[in-house]
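All remarks here apply to the structure that follows.
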2 protein chains.
Amino acid sequence: MQQLKGIKILLVDDEPNILQFLELGLQNEGFEVQTAQDGMTAITILKQFQPHVVILDVMMPGMDGFEVCRMIKKMDNVAVIMLTARDEVDDRVKGLNLGADDYMVKPFSFEELLARIYARIRNQFPHLFGEVVIGPFHIDDRRKEIRYENRVLELSPTEYELLKFLVLNHGLVLSKTMILDKVWGYDFAGEENIVEVYIRSLRDKLHDKDHQLIRTLRGSGYRVDLP
Amino acid sequence: MQQLKGIKILLVDDEPNILQFLELGLQNEGFEVQTAQDGMTAITILKQFQPHVVILDVMMPGMDGFEVCRMIKKMDNVAVIMLTARDEVDDRVKGLNLGADDYMVKPFSFEELLARIYARIRNQFPHLFGEVVIGPFHIDDRRKEIRYENRVLELSPTEYELLKFLVLNHGLVLSKTMILDKVWGYDFAGEENIVEVYIRSLRDKLHDKDHQLIRTLRGSGYRVDLP
DNA sequence: ATGAAAACTGAAAGTTTGTTGAATATCTCT
DNA sequence: AGAGATATTCAACAAACTTTCAGTTTTCAT
């Protein structure tokens with residue numbers, strides 16, 4: 001399997017043994033790994049770590065896997081793989097209705113887990129396998145870099161995420177609420193005005209003086225129109 | 001990043017578990033979801049959220065599902081799917097006499113619900129699945145854009161909604177009262193004259209100088225006639 | 001033909017929403 | 001701790017949109 005740099009995995013399980021076992025294995029495989037022993041910790045880490053994949057035990061004390069999964073899914077595009085004991089497999093898990101993208105029944109082989117992880121990544125983050133070109137934009141997620149008309153844009157982290165979101169969804173009207181949910185996270189407490197402020201900043205950097213590139217749909221939101 | 005559909009669903013049920021379960025599943029499916037635990041709340045949310053589909057439990061404390069359904073149907077063009085326990089299925093539900101468009105007996109599988117939702121949407125909001133072509137009009141709701149004879153019309157939000165309503169119902173006479181109800185909302189307090197004002201604005205933008213496209217049926221309303 | 005009702009129109013007044021510059025707060029390095 | 005970058009809020013402003021109003025025109029029944 002190819003060496004993927006910069007793919008981040010968050011492990012959540014209350015059993016230290018399993019946690020350590022998986023952590024070592026995945027690190028050895030070249031992933032960046034962080035661990036949490038409970039739901040609350042997981043959520044905290046999630047935001048600063050921004051993993052691509054979360055591996056999540058269903059049964060945990062405190063906030064259980066379902067709840068954690070829900071919060072994750074609301075927040076961002078993250079692949080979630082749930083782990084469950086054989087006798088816990090209920091329909092919620094089976095149907096993957098809770099937002100999880102895959103699940104595995106314990107005990108499982110490490111190889112099997114790896115296979116699923118790669119499947120998820122390939123499926124959900126095609127842009128991690130190279131840069132995506134969308135019109136005049138080149139998005140290189142590994143470098144956290146966006147080029148516009150072959151010029152690298154100097155973007156702050158938030159600007160980067162926002163522009164990526166807008167460009168990947170070009171042609172669609174994106175409401176400020178939706179933008180806040182997806183870029184700032186479901187739990188952002190501030191004002192919608194911040195979206196407007198960042199849009200301005202992007203327009204400045206894109207020299208989009210007449211708002212042709214990032215259009216305002218008054219009352220509805222914003223839409224990126226590619227030439 | 002997941003594909004955004006821009007289809008909004010309002011869930012109404014007094015059981016938090018079911019509510020949460022469905023919310024997660026539907027969000028994961030790409031819908032925009034809001035929830036309410038009782039009828040009053042539902043009505044309030046309805047107005048600002050403007051969902052395309054409402055999923056409504058029949059049995060609720062306070063205002064029951066039937067009542068809520070009636071109000072919804074009066075107010076807006078929304079698909080309603082009712083949920084009922086097996087032993088509650090009375091003829092009112094069966095006959096769909098109350099304005100509901102479909103009903104489901106609990107317990108049901110998530111897949112089944114999804115299927116029904118899509119059936120409803122396809123039926124009631126074909127334009128949400130991308131662009132709809134009706135004569136010389138192209139309505140693209142996801143872009144919030146209407147083209148006429150391949151020219152993009154510059155429309156204000158209200159103009160957009162009004163023209164969409166007229167074109168989707170072309171060939172039918174639409175009274176000012178009905179237009180007010182559907183486009184401005186059942187609770188609009190102003191004068192009917194505003195419809196006339198907006199019709200004029202649309203005629204201007206469509207260059208419909210002789211009123212051939214948007215016909216006035218004196219005493220009855222307006223009708224869009226496609227060539 | 002004539003008058004009343006309905007529809008049309010231009011412009012003013014009112015309201016909402018988005019834009020902007022700057023101030024403040026927070027974070028991230030060294 | 002302090003500097004610089006980044007994030008967030010705020011309030012004034014501008015622009016776009018909505019609604020009303022009053023005068024005019026059209027329509028239609030008498």
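Protein chains get the first letters and strands the later ones, always in sequence-line order, with residue 1 at the start of each.
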Protein-nucleotide distance (A/Glu154, atom CD; D/dA5, atom C1'), rounded to Å: 12 Å
Which angle, to the nearest 10 degrees, lies between the helix axes at the two ends of the helix from C/dA1-D/dT30 to C/dT30-D/dA1, each defined by five pairs? 30°
Below 4.0 angstrom, N of the basic side chain to O of the carboxylate: do A/Arg147 and A/Asp140 qualify? no
Indicate whether the side chain of A/Arg203 and that of A/Thr216 have a donor and an acceptor atom separated by less than 3.5 Å. yes
Over how many whole Å does the gap from A/Glu191 atom CD to D/dT9 atom C1' extend? 8 Å
Verify the contact: side-chain N or O of A/Trp184 to OP1 or OP2 of D/dA7, cut-off strictly under 4.0 Å; return yes or no. no
Ignoring hydrogens and geometry beyond distance, is the side chain of B/Asn193 in donor-acceptor contact with the base of C/dT9 at under 3.5 Å? yes
Please state whether the phosphate of C/dG18, meaning OP1 or OP2, lies under 4.0 angstrom from any side-chain nitrogen or oxygen of A/Lys176. yes
Just list the side-chain donor-acceptor pairs under 3.5 Å for residues 162-178 of chain B, sequence neighbours left out, or say none.
residue: B/Lys164; atom: NZ; partner: B/Asp141; partner atom: OD1; Å: 3.1
residue: B/Asn169; atom: ND2; partner: B/Phe165; partner atom: O; Å: 2.9
residue: B/His170; atom: ND1; partner: B/Val167; partner atom: O; Å: 3.0
residue: B/Ser175; atom: OG; partner: B/Met178; partner atom: N; Å: 3.0
residue: B/Lys176; atom: NZ; partner: B/Glu196; partner atom: OE2; Å: 2.8
residue: B/Thr177; atom: OG1; partner: B/Glu192; partner atom: OE2; Å: 3.2

Quick note, A/Thr216 side chain, CB onward, closest among C/dT20, C/dG18, D/dT6 is C/dG18
Expressed as a whole number of angstroms, how long is the span from A/Lys205:NZ to C/dT20:P? 15 Å
Beyond-backbone contact of A/Ile45 with A/Leu10, side-chain heavy atoms, under 4.5 angstrom: yes
Heavy atoms, side chains only, cut-off 4.5 Å: are B/Val195 and B/Leu180 in contact? yes
Distance check needed: C/dT19 P versus A/Asp210 CG, whole Å only. 13 Å
A/His211 NE2 - C/dT20 C1' separation (whole Å): 10 Å
Could you tell me whether the side chain of B/Arg218 has a donor or acceptor atom within less than 3.5 Å of a complementary atom in the base of C/dA7? no
I need the CD-P distance between A/Glu192 and C/dT19, as an integer number of Å. 13 Å
Looking at DNA chain D, which of residues 196-203 of chain A put a heavy atom within less than 4.0 Å of it? A/Val197, A/Tyr198
Which of these, B/Val53, B/Thr35, B/Leu22, sits in a side chain to side chain contact (heavy atoms under 4.5 Å, CB included) with B/Ile9? B/Val53
Has A/Ser156 got a side-chain N or O lying under 4.0 Å from the OP1 or OP2 atom of D/dA5? no
May I ask you to check whether over 12 heavy atoms, not counting those of B/Glu191, lie within 6.0 Å of atom CD? no
Using 4.0 Å as the upper bound for N to carboxylate O, is an ion pair formed by B/Glu131 and B/Arg142? no
Going by the rule side chain to side chain donor-acceptor pair (under 3.5 Å), which residues pair with B/Glu159 if we only count those two or more places apart in sequence or in a different chain? B/Ser201, B/Lys205
Assess whether atom CD of A/Gln212 is packed by more than 12 heavy atoms of other residues, nucleotides or ligands within 6.0 Å. yes
Round to a whole Å and report the spacing from CG of A/Asp208 to P of C/dT19. 11 Å
So do B/Pro157 and A/Ser220 actually touch side chain to side chain, heavy atoms under 4.5 Å? no
Find the distance B/Leu180:CG to D/dT20:P and express it as a whole number of Å. 10 Å
Listed by chain and number, what are the side chain to side chain donor-acceptor pair (under 3.5 Å) partners of A/Ser156, not counting sequence neighbours? none
Would you jot down, in residue-number order, the residues of residues 219-227 of chain B having a non-hydrogen atom under 4.0 Å from DNA chain C? B/Gly219, B/Tyr222
So A/Phe188, base contact, sugar-phosphate only, or nothing? Heavy-atom distance under 4.0 Å. sugar-phosphate
